[in-house]
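What follows is a single structure, written as structure tokens, with notes after it.
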Amino acid sequence: DAGGSKKKLQVASRVVAVDENVLSAGPIRTRKRLSGRRKLIGRASTIPRVIELRELTDEHHEVAECFWQLFLHDLSAFRDSHPDEHGSFKRRHLEPFLVRDADRVAYLVYGPTGPVGFAFVYGLASDVRRFDQLFIVRSQRRAGVGRAAAEATIRRHPGRWEVAFQ
């Protein structure tokens, strides 16, 4: 604006467990920063975000492959990676999650409108489980969906976890 002051909006979400397979992110409250103080100005949404994890099956490989391309596109800005001559990013890290393996599992993350991402886990046959990848489409980010998906995934596989940050 002309005066040079900037107003910041922050979104916070509260995650509530429904059961081990479905989590709900409670009402999202929007806060506005005014002169160093925060003031509640209303709810951005009163509809809870519900996610469901569904283990990846052969008939849904195409959905995972589409999300994989979106995932690699997002990362290309940081990794200086480029699509091939057909416009596709490499699938070599996706391939192991498209086949059954006792040490790894792939989930599609579903929201109220359909699939919104994936969670890939490995280390199921060892003492430590690890996220290989977690992806949520941009329109669902910053609304608690990724956190709910991560918590639901961890709850499905109790034990020790290591989570790497890129």
- request: Would you indicate whether the side-chain heavy atoms of Val121 and Asp132 approach each other to under 4.5 Å?
  value: no
Nearest heavy-atom contact between Ala102 and Leu124 is O-CB, 3.6 Å
- Item | Within one Ile-Leu-Val-Met-Phe-Trp-Tyr cluster: Phe131 and Phe78, side-chain cutoff 4.5 Å | no
* Please check if atom CZ in Arg100 has more than 12 non-hydrogen atoms from other residues, nucleotides or ligands closer than 6.0 Å. => no
**Message:** If you apply the rule side-chain contact (heavy atoms from CB on, under 4.5 Å), what do you find for Tyr122 with Asp101, and how did you get there?
**Reply:** CA-CA 9 Å; Tyr122 70 98; Asp101 183 335; over 6 Å; no
NE2 (His61) and CD (Glu59) are apart, to the nearest 0.5 Å, by 8.5 Å
- Query: Is there a side-chain contact between Glu65 and Leu98 (heavy atoms, below 4.5 Å)?
  - Reply: yes
Classify the angle between the aromatic ring planes of Phe67 and Phe135 as parallel (below 30°), tilted (30 to 60°) or perpendicular (above 60°). tilted
Please determine whether side-chain contact (heavy atoms from CB on, under 4.5 Å) holds for the pair Gln133 and Phe97, giving the CA-CA distance in whole Å, both sets of side-chain angles, and the decisive distance to 0.1 Å. CA-CA 11 Å; Gln133 308 296 341; Phe97 290 94; over 6 Å; no
(message) Assess the residue pair Phe71 and Phe118 against the criterion (ring pair (Phe, Tyr, Trp, His ring centres under 6.0 Å)); give the C-alpha distance rounded to whole Å, side-chain angles, the decisive distance to 0.1 Å, and a yes or no.
(response) CA-CA 10 Å; Phe71 170 69; Phe118 60 70; 5.6 Å; yes
Distance col, row Thr113:OG1 vs Gln140:CD, nearest 0.5 angstrom, shows 5.5 Å
Distance col, row Ile51:CD1 vs Tyr110:OH, nearest 0.5 angstrom, shows 12.5 Å
Q: Would you check if Val105 and His157 make a side-chain contact, meaning some heavy-atom pair closer than 4.5 Å?
A: yes
Heavy-atom nearest pair, Ala150 first then Leu134, reads CB-CD2, 4.0 Å
Separation between CZ (Arg54) and OH (Tyr107), nearest 0.5 Å, reads 14.0 Å
Counting only heavy atoms not in Asp127 (residues, nucleotides, ligands), do more than 12 fall under 6.0 Å from its CG? no
Inset, instruction - State, yes or no, whether a side-chain contact exists between Asp74 and Arg138 at a heavy-atom distance under 4.5 Å. - result: yes
In short, Ala149 meets Ile136 closest at the heavy-atom pair CB-CD1, 4.4 Å
*asked:* Taking CD in Glu62 as the centre, count heavy atoms belonging to other residues, nucleotides or ligands within less than 6.0 Å. Is the count above 12?
replied: no
Heavy atoms of Asp103 and Ser126 approach each other most closely as OD1-N, 4.1 Å
Note: Gly111 and Val116 closest approach over all heavy atoms is N-CG2, 4.0 Å
Where do Arg156 and Arg129 land on the side-chain contact (heavy atoms from CB on, under 4.5 Å) test, with the steps shown first? CA-CA 11 Å; Arg156 279 226 183 155; Arg129 289 113 183 88; over 6 Å; no
When rounded to the nearest 0.5 Å, the distance separating OG1 of Thr153 from CZ of Arg155 is 10.5 Å
The reported gap from CZ in Phe89 to CZ in Arg79 (rounded to nearest 0.5 angstrom) is 10.5 Å
